[in-house]
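What follows is one structure encoded as structure tokens, with my remarks underneath.
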Amino acid sequence: MSKLRVAVLGAKGRIGSEAVRAVEAAEDMELVAALGRGDKLETLAETGAQVAVELTTPASVMGNLDFCVRHGIHAVVGTTGWTDDRLAQLKGWLDQSPETGVLIAPNFSIGAVLTMKFAQIAAPYFESVEVVELHHPNKVDAPSGTATRTAQLIAEARRQAGSAPAPDATATALDGARGADVDGVPVHAVRLRGLLAHQEVLLGAEGETLTVRHDSLHHSSFMPGILLGVRRVVTTPGLTFGLEHFLDLN
Ligand SMILES: NC(=O)C1=CN([C@@H]2O[C@H](COP(=O)(O)OP(=O)(O)OC[C@H]3O[C@@H](n4cnc5c(N)ncnc54)[C@H](OP(=O)(O)O)[C@@H]3O)[C@@H](O)[C@H]2O)C=CC1
Ligand SMILES: O=C(O)C1=N[C@H](C(=O)O)C[C@H](O)C1
């Protein structure tokens, strides 16, 4: 069986360098390119890359995906910063290249994917729900992509169930004190030396609370999800948003 030809973009970064090692260690994959900032994207075509693993920055990701999709190179994307406008632009590119697949995974770790699922299930059963994400202080975006997605999924679950808005009597507040409002769900971001990537979903009802917490303690937690994404994206044309779709959780 021929090996999947894989490239990593953002190969010198925190998660990118771990992904390079994971692809090199995977028996069914061959690392054909490891690109950093300033390296030519043409290398992807020249080396015959079938899948690009995109782990750069919100400022770089769109240019890289434009190139990949135009060249029929599938992509597995962990980079954050996804807005409705960006997703619409990407879908437009994919319409012009209907055999190409792109997976965007707000989080590649199984625990984080399950946290999102559990939060979605629990959200309609509690009056109050808030999300707290905690990350290393080198992270450039807030709130995290995972927390944003979690809040969107919670909001959708509550909408579908006809849940009332969460109670909150706050009449005065300093800017930011109640967090960011993501689809009506407060999301709080902590940046702390010593942390990597952590999230708590706090749910409250009369007389009880439920906390769903996940901790990524090392970048290795993201690698099985990235490798699964690479294996599945080559046979999944179009846009897939969320690793759960490749885990058959839906
Ligand atoms: N989905 C998931 O499970 C996870 C997602 N992430 C996300 O992945 C992204 C990267 O995170 P992290 O590794 O911590 O960040 P880093 O800053 O450590 O890494 C990003 C790397 O990308 C490089 N880069 C920037 N632009 C380009 C470009 N155009 N082409 C190639 N390389 C480029 C940077 O170079 P330079 O240093 O020169 O700028 C840097 O080496 C973030 O958006 C983060 O949120 C992170 C962990 C898990
Ligand atoms: O920047 C990080 O480190 C991470 N980014 C992703 C996010 O924003 O959700 C995934 C994980 O939280 C680590």
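Excluded from the calculations below are hydrogen atoms, water molecules and symmetry mates; all remaining heavy atoms, backbone and side chain alike, are included.
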### Task
Start with the C-alpha distance between Leu4 and Met29, add both sets of side-chain angles, then the distance that settles side-chain contact (heavy atoms from CB on, under 4.5 Å), and finish with yes or no.
CA-CA 5 Å; Leu4 274 172; Met29 295 178 199; 4.2 Å; yes

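- In the model, Thr83 has no side-chain atom that pairs as donor or acceptor with a side-chain atom of Asp85 under 3.5 Å.
- Nearest heavy atoms, Thr150 versus Ala119: CG2-CB, 4.2 Å.
- Put simply, the side chain of Thr240 does not reach to within 4.5 Å of the side chain of Val233, judged on heavy atoms.
- In this structure, the side chains of Leu192 and Leu134 stay at 4.5 Å or more apart for every pair of heavy atoms.
- Between Gln120 and Ala157, the closest heavy-atom pair is O-CB, 3.4 Å.
- Val20 and Leu44 sit in two unconnected hydrophobic clusters of ILVMFWY residues. Membership requires side-chain heavy atoms under 4.5 Å apart, directly or through other members.
- Atom CG of residue Leu203 and atom OG1 of residue Thr209 lie 8.5 Å apart, to the nearest 0.5 angstrom.
- When atom types are taken as modelled, the side chain of Arg158 and the backbone of Glu127 share a donor-acceptor pair closer than 3.5 angstrom.
- Each side-chain hydrogen bond (donor to acceptor under 3.5 Å, both in side chains) pair with one or both residues in residues 42-64, not counting sequence neighbours, appears once here: Glu54-Thr56, Glu54-Asn64, Glu54-Thr79, Thr57-Ser60.
- Between the side chain of His74 and the backbone N or O of Val51 there is no donor-acceptor pair closer than 3.5 Å.
- More than 12 heavy atoms of other residues, nucleotides or ligands sit less than 6.0 Å from atom CG of Asp181.
- At least one side-chain heavy atom of Gln89 sits less than 4.5 Å from a side-chain heavy atom of Met62.
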### Task
Apply side-chain contact (heavy atoms from CB on, under 4.5 Å) to Ile104 and Leu87, showing your working.
CA-CA 10 Å; Ile104 298 173; Leu87 289 171; 3.7 Å; yes

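- Using bins of under 30°, 30° to 60° and over 60° for the plane-to-plane angle, the ring pair Phe67/His71 lands in the parallel bin.
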### Task
Could you check Val230 against Val23 for side-chain contact (heavy atoms from CB on, under 4.5 Å), going step by step and ending with a plain yes or no?
CA-CA 9 Å; Val230 169; Val23 170; 5.6 Å; no

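- Within the 3.5 Å criterion, the main-chain N or O of Ser221 finds no donor-acceptor partner in the side chain of Ser109.
- For the pair His198 (side chain) and Leu196 (backbone), a donor-acceptor distance under 3.5 Å is present.
- Note on Arg21 versus Glu18: salt bridge recorded, some NZ/NE/NH1/NH2 to OD/OE distance being below 4.0 Å.
- Distance check, rounded to the nearest 0.5 Å: OG1 of Thr236 to CZ of Phe246 gives 4.0 Å.
- Proximity of Thr148 to Thr80: side-chain heavy atoms (C-beta onward) are nowhere separated by under 4.5 Å.
- Leu228 is listed as a side-chain neighbour of Leu247, based on a closest heavy-atom distance under 4.5 Å.
- Going from atom CG of Leu227 over to atom CZ of Phe108 covers 10.0 Å, rounded to the nearest 0.5 Å.
- Separation of atoms CD (Glu30) and CD (Glu24) is listed at 10.5 Å; rounding is to 0.5 Å.
- In summary, of the residues considered (Arg231, Lys3, Arg5), a salt bridge (charged side-chain N to carboxylate O under 4.0 Å, His left out) with Asp28 occurs for Arg231 alone.
- Counted by atom type alone, Thr146 and Gln199 present zero donor-acceptor pairs between their side chains at under 3.5 Å.
- Looking only at side-chain heavy atoms (C-beta outward), Arg70 and Gln96 stay at 4.5 Å or farther from each other.
- The minimum heavy-atom distance between Val140 and Pro58, with the atom names listed, is CG2-CD, 4.4 Å.
- A 4.5 Å side-chain heavy-atom check between Met223 and Ile15 finds at least one atom pair inside the cut-off.
- Considering only heavy atoms from C-beta on, Arg149 stays 4.5 Å or farther from Trp82 through its side chain.
- Among all heavy-atom pairs drawn from Gly242 and Leu103, the shortest one is O-CD1, 3.8 Å.
- Tracing side-chain contacts under 4.5 Å through hydrophobic residues (I, L, V, M, F, W, Y), one reaches Val76 starting from Leu31; they form part of the same cluster.
- At distances below 3.5 Å, not a single donor-acceptor pair connects side-chain atoms of Asp141 with backbone N or O atoms of Ser144.
- More than 12 non-hydrogen atoms from other residues, nucleotides or ligands lie less than 6.0 angstrom from CD of Glu208.
- Residues Leu35 and Val77 fall into different hydrophobic clusters, defined by Ile, Leu, Val, Met, Phe, Trp and Tyr side chains chained together at heavy-atom separations under 4.5 Å.
- In the hydrophobic cluster analysis, where Ile, Leu, Val, Met, Phe, Trp and Tyr join through side-chain heavy atoms closer than 4.5 angstrom, Leu210 is grouped together with Val201.
- Looking at Asp168, its side chain does come within 3.5 Å of a backbone N or O of Thr170 through a donor-acceptor pair.
- A salt bridge is absent between Asp95 and Lys91; no separation between the charged side-chain nitrogens and carboxylate oxygens falls under 4.0 Å.
- Side-chain heavy atoms closer than 4.5 Å link hydrophobic residues (I, L, V, M, F, W, Y) into clusters, and following such links, even through other members, never connects Leu9 to Val234.
- Across Trp93 and Leu65, no two heavy atoms sit closer than the pair CZ3-C, 4.1 Å.
- Between Glu156 and Gln152, the side chains place no donor N or O within less than 3.5 Å of an acceptor N or O (distance only, hydrogens not considered).
- Closest approach of Thr100 and Leu94 over heavy atoms only: O-CD2, 3.5 Å.
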### Task
Check step by step if side-chain contact (heavy atoms from CB on, under 4.5 Å) holds for Asn138 and Arg193.
CA-CA 9 Å; Asn138 299 317; Arg193 184 69 71 202; 3.8 Å; yes

